[in-house]
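Along the sequence shown, the residues carry numbers beginning at 1. This is a predicted model, so every value here is computed, not measured.
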Amino acid sequence: MDKNVAGGLSHAADTLGLTGLVPFEVVIASQVTLRAAPGIVRIMVELPAGRSLVPGKPVTYRVHGGEAGFDFERGGQIINLQGVSFPLVLRYEPRLFPSAPARGELSIDLAFWHTDGTHTAGQDLQWRQPIAWDPKGGTTVDLRHTLGA
């Protein structure tokens, strides 16, 4: 049976990154509890020693959070950022209508290029972040990943 899942939200083994490059990594994060207030998602990627982002190449991302109760500016769109570094900080508002579900999953795709000065590589990552909404929760989602050498 074939399954159609829009926007890169298929099963991890069937998911392609924004660039279609490999390696593609799906990072399953531990659940975060948030309260219904404006907040941030902070994305931190640690590159191997001696590697840096390629100047002139964009860092590209796409956020899927509406089903999980988030409202991001340009949610679901592919966004290219020039001249940025990690951490990336994305602001969100809680979805007001319909109200957020008690639990959901935030999904963020990220693509970037890194180099050691001689060799350049593309990298696609996707975080799948389980979310619970509770009045005692926080307002920050920290997504971290360390690339292998």
Begin from the C-alpha positions of Thr60 and Ile78 and carry the test side-chain contact (heavy atoms from CB on, under 4.5 Å) through to its verdict.
-> CA-CA 7 Å; Thr60 303; Ile78 296 173; 3.4 Å; yes

Report the C-alpha separation of Thr33 and Lys136 in whole Å, then their side-chain angles, then the decisive distance to 0.1 Å, and conclude whether the side-chain contact (heavy atoms from CB on, under 4.5 Å) test is met.
-> CA-CA 8 Å; Thr33 301; Lys136 296 178 184 170; over 6 Å; no

Walk me through it: do Leu106 and Phe72 pass the test side-chain contact (heavy atoms from CB on, under 4.5 Å)?
-> CA-CA 11 Å; Leu106 172 67; Phe72 285 91; 3.7 Å; yes

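In plain terms, the two heavy atoms of Ala100 and Ala68 that are nearest each other are CB-O, 4.4 Å. Here the shortest heavy-atom pairing between Ala132 and Gln31 reads CB-NE2, 3.4 Å. What you find for Pro94 and Pro38 is that their closest heavy atoms are CD-N, 3.7 Å. Across all non-hydrogen atoms, the minimal contact from Ala37 to Thr139 is CB-CG2, 4.0 Å. The two residues Thr118 and Asp116 come nearest to each other via the heavy atoms N-OD1, 2.8 Å. Of all the heavy atoms in Trp133 and Gly69, the pair that sits closest is CZ2-O, 3.6 Å.
Follow the hydrophobic side-chain contacts under 4.5 Å out from Phe86 and you never reach Val89; the two are in separate clusters. By the criterion of side-chain heavy atoms lying less than 4.5 angstrom apart, applied directly or through intervening Ile, Leu, Val, Met, Phe, Trp or Tyr residues, Val84 is grouped together with Val63 in one hydrophobic cluster. Cluster membership check: Leu34 does not share its hydrophobic cluster with Ile40, using side-chain heavy-atom separations under 4.5 Å among Ile, Leu, Val, Met, Phe, Trp and Tyr.
Not a single donor-acceptor pair under 3.5 Å links the side chain of Gln129 to the backbone N or O of Glu105. With hydrogens and angles ignored, the 3.5 Å screen pairs a side-chain donor or acceptor of Arg51 with a backbone N or O of His114.
Rounded to the nearest 0.5 Å, atoms CZ (Phe112) and CD1 (Ile43) are 10.5 Å apart. Rounding to the nearest 0.5 Å gives a distance of 12.0 Å between CE of Met44 and NE2 of His145. Rounding to the nearest 0.5 angstrom, the gap separating the CG atom in Leu90 from the CD atom in Glu73 is 10.5 Å. Considering CG of Leu110 and CG of Leu143, their distance stands at 9.5 Å, rounded to 0.5 Å. How far CZ of Arg95 is from CG of Asp71: 9.0 Å, rounded to the nearest 0.5 Å. In this structure, CD1 in Ile108 is found 8.0 Å from CZ in Phe70, a value given to the nearest 0.5 Å.
Every residue was checked against the ring pair (Phe, Tyr, Trp, His ring centres under 6.0 Å) condition with Trp127, not counting sequence neighbours, and none meets it.
For residues 27-49, the pairs satisfying salt bridge (charged side-chain N to carboxylate O under 4.0 Å, His left out) are Arg42-Asp142, Glu46-Arg144, with sequence neighbours left out. Identified under the salt bridge (charged side-chain N to carboxylate O under 4.0 Å, His left out) test for residues 78-94, with sequence neighbours left out: none.
At a threshold of 4.5 Å between non-hydrogen side-chain atoms, the residues Asn80 and Gln82 do not count as touching. A 4.5 Å side-chain heavy-atom check between Gln126 and Ser107 finds at least one atom pair inside the cut-off.
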